[in-house]
Amino acid sequence: MDERISVQLNLTTIKENIHQACLRSNRNPDEIKVVAVTKYVSVERTEEAISCGIVHFGENRDEGLLEKWNHLSNEAVWHFIGSLQTKKVKKIIDKVSYIHSLDRISLAEEIHKRATQPVKCFIQVNVSGEESKHGLEPEEVAGFVKDLSPFTNIELVGLMTMAPYTEDEKLLRTCFRDLKDLQENIKAMNLSYAPCTELSMGMSNDYMIAIEEGATFIRIGSALVGSEQ
């Protein structure tokens with residue numbers, strides 16, 4: 001996508017697409033939070049997005065997060081959306097409100113140790129079974145949730161997945177639906193530290209399908225802020 005297209009124009013298109021997806025699935029558009037993924041754009045492009053009223057921003061590398069946080073920390077809600085190395089937790093933990101990639105106990109331990117207040121976390125689930133994807137296998141999630149109980153600085157708000165990059169709508173819907181079913185199962189466990197009411201799924205190429213299948217957070221990069229790389 002041409003990065004010269006204004007963020008405002010892109011956002012208008014995305015909002016209309018969200019509206020249409022919600023009409024098709026009998027949902028309220030207010031349930032959907034758009035996370036602008038800014039890993040391929042500059043601080044200036046991110047500032048443009050903020051000026052358009054975008055609140056939530058996602059970065060998948062600590063360097064990119066720190067650069068933008070240092071310039072814009074008070075103007076946005078920050079999400080870490082990439083695979084997180086345990087040794088990098090201390091660099092980002094006091095700067096993010098959400099971590100979308102909790103996938104192992106050693107990471108939970110480090111988040112708990114470093115955080116000064118509870119951090120909203122999503123468990124990353126490899127619903128598609130692709131070897132290139134990070135995350136827990138679906139059958140591992142319930143046990144992992146129970147193992148999180150000692151870590152009082154973690155609030156499990158939901159589940160996250162990355163669907164295959166494909167135009168196969170049936171496959172995409174299956175992935176998103178499977179994550180929704182899993183989220184409902186975890187929510188039904190009624191654990192105080194794991195309300196698990198949210199679903200982080202859907203990106204630039206598939207966010208409308210994700211919304212129709214229950215997404216509450218969609219992570220949009222190229223379709224919203226473009227790419228400067």
Side-chain angles (χ1 to χ4, degrees), residues 27 31-33 35 56 58-60 77-90 92-164 172-203 206-207 210-219:
R27 297 188 63 195
E31 297 174 5
I32 314 301
K33 292 182 174 63
V35 181
H56 296 272
E59 287 281 334
N60 71 334
V77 175
W78 297 96
H79 298 242
F80 195 87
I81 61 173
S83 181
L84 182 56
Q85 293 179 301
T86 305
K87 65 182 180 182
K88 299 290 183 71
V89 169
K90 62 184 178 183
I92 61 104
I93 193 65
D94 59 344
K95 299 172 175 62
V96 299
S97 297
Y98 293 85
I99 294 173
H100 289 239
S101 48
L102 180 58
D103 62 357
R104 58 196 186 279
I105 287 297
S106 60
L107 181 57
E109 290 173 341
E110 190 69 9
I111 292 170
H112 173 73
K113 182 173 80 171
R114 299 287 182 179
T116 57
Q117 58 187 11
V119 179
K120 293 178 171 63
C121 292
F122 293 82
I123 293 175
Q124 183 168 356
V125 187
N126 185 359
V127 179
S128 67
E130 293 174 278
E131 291 185 6
S132 60
K133 296 281 199 303
H134 292 274
L136 295 176
E137 300 299 317
E139 59 271 15
E140 298 174 323
V141 173
F144 183 73
V145 171
K146 292 175 183 176
D147 290 342
L148 293 176
S149 61
F151 306 119
T152 54
N153 277 334
I154 290 176
E155 180 187 3
L156 180 63
V157 296
L159 306 180
M160 181 274 255
T161 200
M162 295 179 66
L172 291 171
R173 288 192 185 279
T174 297
C175 286
F176 295 143
R177 203 167 289 158
D178 286 350
L179 193 72
K180 175 64 177 176
D181 290 345
L182 188 56
Q183 175 252 322
E184 293 284 2
N185 290 341
I186 302 303
K187 179 182 174 183
M189 293 165 67
N190 289 318
L191 300 171
S192 60
Y193 61 89
C196 203
T197 55
E198 310 297 336
L199 281 173
S200 172
M201 60 187 195
M203 300 167 70
D206 58 16
Y207 67 89
I211 289 169
E212 291 171 13
E213 298 299 340
T216 58
F217 286 74
I218 54 176
R219 311 179 304 273

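Along the sequence shown, the residues carry numbers beginning at 1. Since the model is a prediction, treat every value here as computed from it, not as a measurement.
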Is there a salt bridge (Lys or Arg N to Asp or Glu O under 4.0 Å) between R114 and E110 once you walk through the steps?
CA-CA 6 Å; R114 299 287 182 179; E110 190 69 9; 2.8 Å; yes

Any chance you could lay out the side chain to side chain contact (heavy atoms under 4.5 Å, CB included) test for F144 and I105, step after step, and finish with the verdict?
CA-CA 8 Å; F144 183 73; I105 287 297; 3.7 Å; yes

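- Q183 contributes no side-chain N or O that, together with a main-chain N or O of G158, makes up a donor-acceptor pair within less than 3.5 Å.
- When every heavy atom of V119 is checked against every heavy atom of S97, the shortest pair comes out as CG1-O, 4.2 Å.
- In the model, T216 has a side-chain atom that pairs as donor or acceptor with a side-chain atom of E198 under 3.5 Å.
- Across all non-hydrogen atoms, the minimal contact from T197 to K187 is CG2-CE, 4.4 Å.
- For the atom pair K180 NZ and N185 CG, the distance stands at 11.0 Å (nearest 0.5 Å).
- Here CG of L102 is found 7.5 Å from CG of L156. Values are rounded to the nearest 0.5 Å.
- Judged by distance alone, with hydrogens and angles left aside, the side-chain atoms of T161 form no donor-acceptor pair with the main-chain N or O of M201 at under 3.5 Å.
- What you find for F176 and G202 is that their closest heavy atoms are CE2-N, 4.0 Å.
- Between the side chain of D178 and the backbone N or O of C175 there is no donor-acceptor pair closer than 3.5 Å.
- Each of H79, H134, H56 was checked for a ring-ring contact (aromatic ring centres under 6.0 Å, His included) with H100, and the lone residue meeting it is H79.
- K113 contributes atom NZ, which lies 11.5 Å from atom CZ of F151 (distance to the nearest 0.5 angstrom).
- Note that OG1 of T116 and CG of N153 are 7.5 Å apart. Values are rounded to the nearest 0.5 Å.
- More than 12 non-hydrogen atoms from other residues, nucleotides or ligands lie less than 6.0 angstrom from NE2 of H112.
- Contact of the L107 side chain with the I99 side chain is not registered, since no non-hydrogen atoms from C-beta on lie closer than 4.5 Å.
- Separating the CD1 atom in I81 from the OH atom in Y98 is a distance of 14.0 Å, to the nearest 0.5 Å.
- Closest heavy-atom contact between I93 and I111: CD1-CG2, 3.9 Å.
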Pair T86-R104, side chain to side chain contact (heavy atoms under 4.5 Å, CB included): steps then yes or no
CA-CA 10 Å; T86 305; R104 58 196 186 279; 3.2 Å; yes

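- The backbone N or O of G58 sits nowhere less than 3.5 Å from a side-chain atom of R219 that would complete a donor-acceptor pair.
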Side chain to side chain contact (heavy atoms under 4.5 Å, CB included), that's the test. Do M162 and K133 meet it? Break it down for me.
CA-CA 8 Å; M162 295 179 66; K133 296 281 199 303; 3.7 Å; yes

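- Of all non-hydrogen atoms in T152 and P118, the two that sit nearest each other are O-CG, 4.0 Å.
- At least one donor-acceptor pair closer than 3.5 Å links the side chain of R27 to the backbone N or O of A215.
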Just do the side chain to side chain contact (heavy atoms under 4.5 Å, CB included) check on L148 and I123 with the steps written out, would you?
CA-CA 11 Å; L148 293 176; I123 293 175; 4.3 Å; yes

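- Taking every heavy atom of both residues into account, F217 and V35 meet most closely at CD2-CG2, 3.9 Å.
- Remark: the backbone N or O of P150 is not paired with any side-chain donor or acceptor of Y193 at under 3.5 angstrom.
- For the atom pair CG of L182 and CD of E184, the computed distance is 10.0 Å after rounding to the nearest 0.5 Å.
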